[in-house]
Amino acid sequence: MPVESQSAQSIAALRSALLRWYAAHARSLPWRAPPGTNARPDAYRVWLSEVMLQQTTVAAVTPYFERFTRRWPTLSDFAAAESADILAAWAGLGYYSRARNLVACARQVVDEHGGMFPASEAALRQLPGIGDYTAAAIAAIAFGEAAVPVDANVERVIARLYAIDEPLPGARKAIGQAARELWPADGAAGDFAQAMMDLGSSICTNRAPACLTCPLVRQCRAACSGAAESIPVKPAKRPRPVRHGEARWIERNGDVWLIRRPEKGMLGGMRALPGGEWLDHAETPPAPDGTLGVVRHLFTHFELNLRVVRGEAFSDAVGEGEWWPISRLDEAGLPTLYRRAAEIAVEERP
DNA sequence: AAGGCGGGGTA
DNA sequence: TACCCAGCCTT
């Protein structure tokens with residue numbers, strides 16, 4: 001169902017109010033240039049921050065961003081780094097295909113674009129790990145292009161401004177159309193995008209939006225009808241199945257045996273403790289002797305109970321792997337699941 | 001079009 | 001506890 005357009009007057013008022021609010025309230029973030037200045041932030045830093053921020057939060061990303069840019073200050077530093085070092089530095093941030101794509105993207109920019117990120121949305125979209133949103137965000141924020149990045153914040157704000165009550169994901173078409181109607185088609189596109197995100201994270205929040213202090217309340221159709229909190233309409237969630245797995249703690253002379261997980265699938269390419277496949281909960285075998293504890297870990301689409309068991313160096317430490325010093329385990333780049341398993345094992349050591 | 005893919009913050 | 005977040009990629 002097509003959305004009813006806002007009047008030209010309303011659109012002008014909305015743009016002006018949002019950019020004025022942003023000038024006064026913009027968050028200061030390490031990858032950001034201050035609003036209203038014509039200074040453009042470094043495309044490498046914008047790209048790195050945007051990929052890190054995919055499906056996560058500013059609070060989680062900020063320390064990672066600081067560590068990454070201190071260690072690899074420029075794109076050429078990053079492109080020359082070892083893939084394993086980048087993956088280890090990424091450990092704990094999740095969605096590890098992002099880290100693999102980051103490496104592939106940096107090398108492609110060096111090989112095919114002379115080490116400079118392309119400025120156009122279409123060319124950015126061709127790079128690995130850069131989808132519709134990220135291509136538009138980099139084009140607008142780093143290069144001042146008139147691109148329209150629609151993330152979850154923008155989606156929520158626009159759906160409310162236009163009172164789009166069609167359920168997601170079907171509503172995305174109408175939301176995109178409304179976003180293109182509102183977005184300034186000049187150099188302000190980048191500030192407008194970041195303003196939308198700050199508004200969405202601080203005022204137009206998912207739950208309990210602060211409509212009374214919102215600079216756009218006069219242009220917001222959902223606020224008028226008191227429907228803001230019930231928009232956008234989200235699809236029902238599926239129940240989360242429970243699975244069982246094991247992690248073996250195999251120790252020898254102060255070292256522990258670590259493997260590397262297959263490139264595809266869960267925690268792809270990451271270091272881990274060895275252990276078999278993850279089974280349906282109903283197939284959970286009884287706890288053997290040498291059980292040290294259980295890590296209960298919630299993934300988005302299932303829950304895993306990972307049993308930590310003591311293994312034997314003679315019979316279990318076979319196949320591809322490496323002995324890693326237990327005193328330097330924090331440098332191994334273990335994803336959170338295995339970091340917790342290792343913590344249990346270390347606590348239980350004799 | 002739908003499902004896989006992490007982790008931490010928040011109410 | 002349940003839900004959400006500066007999404008992308010594969011099938």
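Below, chains carry the letters A, B, ... as their sequence lines are ordered, and counting in each starts from 1. Predicted model, so just to flag it, every value in this text is computed and none were measured.
Across the C1' atoms, B:dG9 and C:dC8 are found 23 Å apart, a figure rounded to whole Å. One C1' atom belongs to C:dC3, the other to B:dG6, and the distance between them is 15 Å to the nearest Å. Look at the C1' atom in both B:dG8 and C:dC9: the space between them is 23 Å, to the nearest Å. Between B:dG4 and C:dA6, the distance separating the two P atoms is 23 Å to the nearest Å.
In this model, the phosphate group of C:dA2 is not approached by any side-chain N or O of A:R207 to a distance below 4.0 Å at OP1 or OP2. Contact annotation: A:Q54 side-chain N/O to C:dG7 OP1/OP2 distance is not under 4.0 Å. Using a 4.0 Å cut-off, no side-chain N or O of A:T57 falls inside it from OP1 or OP2 of B:dG8. The shortest distance between the side-chain N/O atoms of A:R238 and the OP1/OP2 oxygens of C:dA2 is not below 4.0 Å. For C:dC5, one of the phosphate oxygens OP1 or OP2 lies less than 4.0 angstrom from a side-chain nitrogen or oxygen of A:R156. A close approach under 4.0 Å does occur between a side-chain nitrogen or oxygen of A:R339 and OP1 or OP2 of B:dG8. Put simply, A:H297 has no side-chain N or O that comes within less than 4.0 Å of OP1 or OP2 on B:dG6. Look at A:T56 and you won't find any side-chain N or O under 4.0 angstrom from OP1 or OP2 of B:dG6. Between A:K234 and C:dC5 there is a side-chain polar atom (N or O) within less than 4.0 angstrom of OP1 or OP2.
Nucleic acid contact for A:W31: base, since at least one base atom lies under 4.0 Å from a heavy atom of the residue. Counting any heavy atom pair closer than 4.0 Å across all strands shown, A:T336 reaches sugar-phosphate atoms only and no base atom. Within the 4.0 angstrom heavy-atom criterion, no nucleotide atom of any strand lies near A:P169. Across all strands shown, A:G92 has heavy atoms under 4.0 Å from sugar-phosphate atoms exclusively, and none from any base. Residue A:M266 is in sugar-phosphate contact alone, with no base atom involved, counting any heavy-atom pair closer than 4.0 Å across all strands shown. Across all strands shown, A:P335 has heavy atoms under 4.0 Å from sugar-phosphate atoms exclusively, and none from any base. Within the 4.0 angstrom heavy-atom criterion, only backbone atoms of the sugar-phosphate kind lie near A:R296; the bases stay farther away.
As a whole-Å value, the separation of A:L53 CG from C:dG7 P is 8 Å. To the nearest angstrom, C1' of C:dT10 lies 16 Å from CD of A:E263. Taking atom CG on A:L298 and atom C1' on C:dA2, their separation rounds to 10 Å, with Å as the unit. Between the P atom of C:dC8 and the CG atom of A:L102 lies a distance of 13 Å, rounded to the nearest Å. Taking atom CG of A:L304 as the reference point, atom P of B:dG6 lies 12 Å away to the nearest angstrom. To the nearest angstrom, P of B:dG7 lies 9 Å from CG of A:L93. What separates OH of A:Y95 from P of B:dC5 is a distance of 10 Å, to the nearest Å. A:R340 has its CZ atom 15 Å from the P atom of B:dG6, to the nearest Å.
With the nearest nucleotide of DNA chain C identified for both A:Q194 and A:L127, A:Q194 has the one nearer the 5' end. Where A:G265 and A:A60 meet DNA chain B, the nucleotide closest to each residue was compared, and A:G265 sits on the side nearer the 5' end. In terms of position along DNA chain C, the nucleotide closest to A:R240 lies nearer the 5' end than the nucleotide closest to the other residue of the pair A:R240 and A:A152.
Counting only residues at least two apart or on different chains, no ring-ring contact (aromatic ring centres under 6.0 Å, His included) pair has a member in residues 135-159 of chain A.
Remark: aromatic rings of A:W31 and A:Y44 are distant, center separation not under 6.0 Å.
Judged purely by distance below 3.5 Å, without hydrogens or angles, the side chains of A:Y133 and A:Q54 never pair a donor atom with an acceptor atom. Checked by atom type, the side-chain pair A:R340/A:T336 shows no donor-acceptor distance below 3.5 Å.
The hydrophobic cluster containing A:L127 also contains A:L48, counting ILVMFWY residues as joined when their side-chain heavy atoms lie under 4.5 angstrom apart, directly or transitively.
Closest contact between the side chain of A:N101 and the listed nucleotides C:dA6, C:dC3, C:dC9 involves C:dC9. In the set B:dG7, C:dA6, C:dG7, the nucleotide with an atom closest to the side chain of A:R27 is C:dA6.
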Item checked: Chi angles and distances behind the ring-ring contact (aromatic ring centres under 6.0 Å, His included) call for A:H297, A:F299 -> CA-CA 6 Å; A:H297 194 77; A:F299 293 103; 4.7 Å; yes
Check: ring-ring contact (aromatic ring centres under 6.0 Å, His included) between A:W249 and A:Y338: does it pass, once the steps are laid out?
Finding: CA-CA 11 Å; A:W249 181 263; A:Y338 289 105; over 10 Å; no
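In this model, no side-chain donor or acceptor of A:T134 finds a partner on the base of C:dG7 within 3.5 Å.
The shortest non-hydrogen separation linking A:R32 to A:Q194 is NE-OE1, 3.0 Å.
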